[in-house]
Number of protein chains: 2
Amino acid sequence: MGVHINACNKCEIRDTALCSALPEVEADRLHKIAYRRHYPQGKVIFDGGEEPESFAIVISGVVKLVRTKRDGRQQIVGLQFSSDFVGRPFGDLGSLMVEAATDIELCCLTRKPFENLLQQHPILERVLLQRTFDELDAARQWMFVLGRLSARAKVASFLQHVVERSHRVVGKDPVTVCPQQQFELPLSRTETGDYLGLAIETISRQIAQLKTEGIIETVGLRAMRVLDFPRLQAWAENEG
Amino acid sequence: MGVHINACNKCEIRDTALCSALPEVEADRLHKIAYRRHYPQGKVIFDGGEEPESFAIVISGVVKLVRTKRDGRQQIVGLQFSSDFVGRPFGDLGSLMVEAATDIELCCLTRKPFENLLQQHPILERVLLQRTFDELDAARQWMFVLGRLSARAKVASFLQHVVERSHRVVGKDPVTVCPQQQFELPLSRTETGDYLGLAIETISRQIAQLKTEGIIETVGLRAMRVLDFPRLQAWAENEG
DNA sequence: CGCTACATTGAGTTACCTCAAAAATTGTGG
DNA sequence: CCACAATTTTTGAGGTAACTCAATGTAGCG
């Protein structure tokens with residue numbers, strides 16, 4: 001199904017992903033078991049039942065992590081962008097569902113070989129540990145957004161986050177690198193609501209207000225441009 | 001200041017903490033560099049500035065992880081109970097503040113020796129990795145609470161969580177083990193508000209309602225008993 | 001072109017917040 | 001041990017941000 005990679009050194013995320021922190025030998029071992037795979041928007045990659053058969057790194061597109069309750073309410077508990085990882089070696093993901101928010105390309109590592117590699121190369125495990133701590137940090141940061149911000153600030157924070165993660169250029173400040181550049185929203189209004197803990201109508205109204213204030217400009221429903229980044233940041237801080 | 005441990009095998013959390021998953025040799029090495037330390041309620045253990053000098057495991061009491069913004073608003077992003085860990089080797093905790101929510105006892109591991117040990121014993125790193133993934137899981141679970149639940153369900157979820165973590169007995173269902181047993185709230189109303197993203201008055205009203213419904217019974221301000229656990233769970237699910 | 005899915009807009013409701021005061025609890029000095 | 005202040009919690013009244021329900025508008029697709 002997937003295509004084996006024969007040139008990690010040509011990889012788009014070579015300098016930012018997990019593998020960038022590895023010495024030559026380990027990076028090489030890793031790339032030997034890696035293969036690329038495309039998924040269309042909406043495809044469920046892992047549904048929370050059995051153990052996922054792979055660990056993966058996002059090459060392009062956005063992956064959403066969803067927690068669902070029996071009654072249907074759901075909360076998106078994470079968005080994984082380019083160079084973020086998805087999965088958990090030596091264990092399961094709990095009741096998490098993993099879905100392609102946009103068309104995506106993944107760098108997949110089949111579970112068993114990956115686990116073997118982890119055991120043979122402690123450095124790999126170290127790097128993964130650091131990435132996991134980073135994820136934990138990000139999750140806690142988002143808890144602040146969910147618990148303490150107004151609808152207006154939540155929406156602004158979300159847009160800010162998407163801009164920064166979509167345009168990330170290695171080692172450069174994303175804002176100065178691509179001012180006013182157009183970008184795609186990875187989520188529908190409903191999904192955005194599930195991410196921010198808001199009703200879709202509230203999302204709509206906040207975006208409308210951002211438009212009339214001249215802070216953003218929309219391009220169709222799924223794309224926009226930020227015209228006044230400092231003011232977007234002010235909104236994200238609840239100082240509108 | 002701290003007292004060196006000379007009997008890990010008498011440790012209260014020997015069977016649940018990080019070290020429980022280690023082979024004899026590694027556990028032994030770990031216990032040689034560990035020492036115990038008490039902190040009084042309210043003591044700030046790490047304030048988010050420089051690198052913390054230690055990694056620690058909570059023996060008794062509750063530690064709170066706080067994220068603060070310049071304007072004073074703060075969100076408690078985690079509560080660490082007995083046998084949970086606090087800290088991050090090979091990196092810093094970001095802007096996180098760590099504070100004793102109650103009087104606590106910690107099992108401390110000085111940074112450098114602990115990092116050395118991690119490097120020498122991959123199994124230790126593996127175990128820490130798993131614990132970190134568990135923390136990530138818990139953080140995401142709490143995101144659901146913050147984003148999707150009503151005030152009533154938030155408060156019920158909080159109480160449920162405190163009961164379960166306070167009375168945890170190894171390998172047993174906490175509810176059946178200690179029905180209606182009294183327990184201490186680790187947080188003041190203000191802190192509970194900062195944890196749940198609610199005003200303190202709202203917390204108060206919800207607790208009052210739980211009392212009039214006969215679901216709980218308070219013992220002073222900081223302790224209570226759950227009289228009807230199933231109904232508390234129902235509240236936590238938004239089915240009141 | 002119509003159909004379906006998604007997004008926006010509007011009107012009315014409600015859950016939670018804010019402000020203010022009373023009550024309970026904790027701490028302190030005589 | 002009691003009186004007193006300081007702190008925290010509870011209770012009350014009123015306001016508002018966000019929700020719900022319903023209608024309209026817009027994009028995507030066979």
note = Closest of C/dT9, D/dT9, C/dC16 to the B/Ser150 side chain is C/dC16
request  = Would you kindly check whether a donor in the side chain of A/Glu191 faces an acceptor in the base of C/dC6, or vice versa, at under 3.5 angstrom?
outcome  = no
message = Tell me every residue that passes salt bridge (charged side-chain N to carboxylate O under 4.0 Å, His left out) with B/Glu217, counting only those two or more places apart in sequence or in another chain.
response = B/Arg225
A/Arg205 (side chain) and D/dT20 (base): donor-acceptor pair under 3.5 Å = yes
Nearest-neighbour nucleotide for the A/Thr202 side chain, D/dC21, D/dA18, D/dT10 considered = D/dA18
request  = For A/Gly197, report the nucleic acid contact type (base, sugar-phosphate, nothing); a contact means any heavy atom under 4.0 Å.
outcome  = sugar-phosphate
key: Under the side chain to side chain contact (heavy atoms under 4.5 Å, CB included) test, residues paired with A/Ser166 that sit two or more places apart   = A/Phe81, A/Val162
task = May I ask you to say what A/Ile207 touches in the nucleic acid, namely base, sugar-phosphate or nothing, with a heavy-atom cut-off under 4.0 Å?
result = nothing
query = Per the end-axis method with five pairs at each terminus, what is the bend angle of the helix from C/dC1-D/dG30 to C/dG30-D/dC1, to 10°?
reply = 40°
request  = Using the side chain to side chain donor-acceptor pair (under 3.5 Å) rule, take B/Tyr35 and B/Arg37 through it: C-alpha gap first, then chi angles, then the decisive distance, then the call.
outcome  = CA-CA 7 Å; B/Tyr35 59 96; B/Arg37 216 162 178 305; 5.1 Å; no
ask   = Does atom NZ of B/Lys43 have more than 12 heavy-atom neighbours, drawn from other residues, nucleotides or ligands, at distances under 6.0 Å?
value = no
message = Is it the case that the base of C/dC16 and the side chain of B/Gln206 share a donor-acceptor contact (distance under 3.5 Å, atom types as modelled)?
response = no
note = A/Leu198 has its side chain closest, among C/dC16, D/dT11, D/dC19, to D/dC19
